[in-house]
Amino acid sequence: MMGAATKGTEMIAGAMTHAAFNLGNALGAFLGGFPIDAGYDFNYSSLVGVLMTLIGVALNVWYIKRHKRKEKVKAIGFNN
């Protein structure tokens, strides 16, 4: 899937995938520390994870809808 969208730049696309994963991992650890720092139990860190997951799902749904719209336009014959 990624190869079709990134012809000739597969290595850069793979590196960006790893960078995004590492950024998300670090951001999750950073944001998950806020409830602990505020004096809450360790269990409250999972709520930050739930919030991050919901944001990720929303971004994926938005991207998929946007991508499908462009594919429909290409199928019709417009090249904008």
Side-chain angles (χ1 to χ4, degrees):
M1 176 88 167
M2 187 169 41
T6 59
K7 290 180 182 169
T9 60
E10 291 86 1
M11 295 295 286
I12 293 174
M16 293 301 293
T17 301
H18 287 284
F21 174 79
N22 287 333
L23 180 66
N25 197 9
L27 190 62
F30 177 72
L31 294 176
F34 283 138
I36 297 170
D37 192 40
Y40 292 103
D41 224 6
F42 286 107
N43 296 334
Y44 286 93
S45 295
S46 61
L47 295 177
V48 175
V50 169
L51 181 63
M52 289 182 65
T53 301
L54 291 175
I55 291 170
V57 168
L59 287 172
N60 278 320
V61 168
W62 172 75
Y63 177 78
I64 288 169
K65 285 185 177 182
R66 183 175 179 223
H67 182 68
K68 282 185 179 179
R69 190 175 341 148
K70 285 185 178 180
E71 289 299 321
K72 286 180 184 177
V73 170
K74 284 183 181 178
I76 293 172
F78 299 109
N79 290 328
N80 290 342

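Residues meeting the ring pair (Phe, Tyr, Trp, His ring centres under 6.0 Å) test with Phe21, sequence neighbours left out: none. With sequence neighbours excluded, the residues that form a side-chain contact (heavy atoms from CB on, under 4.5 Å) with Val61 are Val57, Lys65. Listed by chain and number, the residues in a side-chain contact (heavy atoms from CB on, under 4.5 Å) with Ile55 are Leu51, Leu59 (sequence neighbours excluded). With sequence neighbours left out, Asp41 forms a side-chain contact (heavy atoms from CB on, under 4.5 Å) with Asn43, Tyr44.
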Using distance only, find each side-chain donor-acceptor pair of residues 23-33 under 3.5 Å and give its atom names and separation, not counting sequence neighbours.
none

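Other residues sharing a hydrophobic cluster with Phe42 under the 4.5 Å side-chain heavy-atom criterion for ILVMFWY residues are Ile36. Alongside Leu54, the hydrophobic cluster contains Val50 (criterion: ILVMFWY side chains under 4.5 Å).
For the atom pair Leu47 CG and Tyr40 OH, the distance stands at 10.5 Å (nearest 0.5 Å).
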